[in-house]
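Here the structure is a predicted model, which is why all the values come from computation and not from measurement.
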Amino acid sequence: MAAVQRIVIENAAIATVDAQDTEYARGHVVLAGNRIESLGAGGAPRDLEHVVRRIDATGHLVTPGLINTHHHFYQWITRGLATDHNLFDWLVALYPTWARIDEPMVGAAARGSLAMMARGGVTTAMDHHYVFPHGSGDLSGTIVRAARDLGVRFTLARGSMDRSEKDGGLPPDFAVETLDGALAATEATVAAHHDPAFDAMTRIAVAPCSPFSVSTELLREGATLARRLGVRLHTHGSETVEEEKFCHELFGMGPTDYFESTGWLGDDVWMAHCVHMNDTDITAFARTRTGVAHCPSSNARLAAGIARVPDLLAAGVPVGLGVDGTASNESGELHTELRNALLVNRLGAHRERALTARQALRLGTYGGAEVLGRAAETGSLEPGKLADLVLWNLDTLAHASIADPVTALVLGAAAPVTASFVDGRQIVENGRLLTADEDALARETRAQARRLAEITARG
């Protein structure tokens with residue numbers, strides 16, 4: 001058996017984001033294979049064997065890799081459209097375009113989305129893909145392959161819609177699935193791609209789109225399917241006042257009560273947005289340990305409102321951060337969400353006491369791992385956890401005069417990523433991907449965006 005090779009990172013500030021929020025002003029981290037072997041103050045032991053690399057991280061902050069808990073990769077090729085719309089108007093404007101996506105478009109969009117996140121410090125990503133036009137190809141497979149090729153740990157939330165325009169929904173009729181078709185395709189995706197192992201690079205979740213785009217039967221049977229297969233559940237919830245009105249009119253109850261009636265509250269569930277929640281809703285999420293993907297930039301872009309993140313955290317609700325689709329967050333990277341989560345929530349009822357810089361960092365790391373059901377494996381720097389971590393360069397003009405490195409990372413300009421490791425493998429060096437040609441990706445995504453626009457224009 002070959003000896004496990006070690007990488008030693010030294011002379012860095014370290015924010016572990018463990019349960020005690022342990023930090024080191026100058027410390028070390030030792031990686032052994034795909035695990036964190038040890039870390040602590042000062043230099044690493046000098047007698048370590050099989051050290052293949054030593055990194056002098058002077059001027060850097062080491063943190064767990066960022067974890068994105070909500071995204072729609074396909075939207076990478078429809079950025080910059082419908083920029084002055086609320087959610088429902090935005091969906092009406094864009095569904096005719098999205099309904100014409102195919103496998104080459106989705107593959108290019110997935111690679112673009114993943115590349116943008118990875119070069120900005122994301123080590124675990126997810127994609128909620130729910131648009132499956134008839135005859136569009138193997139969309140789930142191409143998304144999974146994109147994550148594998150770029151070296152990012154990944155959860156595909158296999159979405160679905162069965163409520164089209166003829167049923168009072170928003171998507172065109174040819175862009176939705178039947179109830180039985182959606183369930184069968186979702187189960188096949190789990191069988192083909194889900195890995196339950198501790199160090200899995202790919203996991204699958206069951207993810208009907210939203211209360212206003214799926215039937216009650218799809219929600220209920222989707223929850224049953226997920227629990228039979230032992231995978232997690234994801235959907236959109238309580239995003240807008242219009243959604244709340246829709247639920248009351250159609251189901252006679254608010255979104256949270258409706259979700260609970262269909263089996264969609266529990267510690268294996270996380271929902272995106274959760275902006276419009278009252279105290280009773282928050283108590284229900286806390287009681288059931290239902291998670292939340294907070295997407296502050298998208299919520300602002302679509303004028304959805306300010307989620308009650310401080311109240312969710314105080315109640316014990318797991319909360320992570322999400323980019324959301326880049327048709328409602330054109331930058332497509334998660335560092336912005338650290339900063340915006342802190343700033344936007346300080347505009348709410350709690351004002352300056354809403355969130356601290358360290359709470360924002362926790363949302364983007366350990367909180368995300370909790371939401372994705374992977375807190376035992378990643379999200380903090382601790383011995384035995386997976387070697388998913390980032391070296392942020394804070395020895396720059398943009399950051400050098402901020403004494404506290406966590407404050408510099410969260411409130412400062414986007415910090416350059418000197419190195420990002422996933423599963424012990426370096427995927428970013430000095431802000432550039434090591435696993436893909438960024439210029440080629442830009443050309444590919446531009447070409448597919450133009451192709452989609454041309455097809456849409458032809459009707």
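Of all heavy-atom pairs spanning Glu337 and Gly322, the tightest one is CG-O, 3.7 Å. Taking every heavy atom of both residues into account, Cys209 and Thr235 meet most closely at O-OG1, 2.9 Å.
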_Could you walk me through whether His129 and Arg158 satisfy the side chain to side chain contact (heavy atoms under 4.5 Å, CB included) test, starting with their C-alpha distance in whole Å, then the side-chain angles of each, then the deciding distance to 0.1 Å, before giving a yes or no?_
CA-CA 6 Å; His129 188 88; Arg158 203 289 180 184; over 6 Å; no
*asked:* Please determine whether side-chain hydrogen bond (donor to acceptor under 3.5 Å, both in side chains) holds for the pair Lys385 and Thr378, giving the CA-CA distance in whole Å, both sets of side-chain angles, and the decisive distance to 0.1 Å.
replied: CA-CA 6 Å; Lys385 283 199 167 185; Thr378 189; over 6 Å; no
*I would like to know whether Glu10 and Arg26 meet salt bridge (Lys or Arg N to Asp or Glu O under 4.0 Å); could you show each step before the answer?*
CA-CA 8 Å; Glu10 297 182 286; Arg26 178 180 172 276; over 6 Å; no
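A donor and an acceptor atom, one from each side chain of Trp392 and Thr63, are located under 3.5 Å apart. Using modelled atom types and a 3.5 Å distance limit, the side chains of His273 and Asn299 yield a donor-acceptor pair. At a cut-off of 3.5 Å, with distance as the only test, a side-chain donor of Ser297 or Asn340 sits close to an acceptor on the other residue. Side-chain contact annotation: Ser210 with Ser213, donor-acceptor N/O pair under 3.5 Å present. A side-chain donor from one of Asp311 and His350 sits under 3.5 Å from a side-chain acceptor of the other. For Asp18 and Thr22, the side-chain atoms include at least one donor-acceptor pair closer than 3.5 Å. Defined by atom type and a distance below 3.5 Å, a donor-acceptor pair is present between the side-chain atoms of Asn329 and Ser331. Side-chain contact check for Asn11 and Asp56: at least one donor-acceptor pair (N or O, by modelled atom type) lies under 3.5 Å. Using a 3.5 Å distance cut-off with no hydrogens or angles, the side chains of Asp127 and His71 do not pair a donor with an acceptor. Judged by distance alone, the side chains of Gln426 and Arg53 do bring a donor and an acceptor atom under 3.5 Å apart.
Under the 4.5 Å side-chain criterion, counting only non-hydrogen atoms from C-beta, Leu87 is in contact with Thr240.
To the nearest 0.5 Å, atom OG1 of residue Thr445 and atom CG of residue Leu452 are 12.5 Å apart. Put simply, CG on Leu338 and CG on Leu363 are 8.0 Å apart, with the number rounded to the nearest 0.5 Å. Rounding to the nearest 0.5 Å places CG of Leu61 at 14.0 Å from OH of Tyr24. Here Ile204 contributes atom CD1 and Ser140 contributes atom OG; the two are 7.0 Å apart, rounded to the nearest 0.5 Å. Separating the CG atom in Asp138 from the CZ atom in Arg145 is a distance of 5.5 Å, to the nearest 0.5 Å. Between atom CG of residue Leu355 and atom CZ of residue Arg362 there is a gap of 12.5 Å, rounded to the nearest 0.5 Å.
Checked against the 6.0 Å centroid criterion, the rings of Phe73 and His128 do not qualify as a close aromatic pair. For Trp90 and Trp98, the gap between ring centers is short of 6.0 Å.
The aromatic rings of His236 and His234 lie tilted to each other, with the angle between the two planes from 30° to 60°.
Between Asp404 and Arg358 a salt bridge is recorded (basic side-chain N to carboxylate O distance below 4.0 Å).
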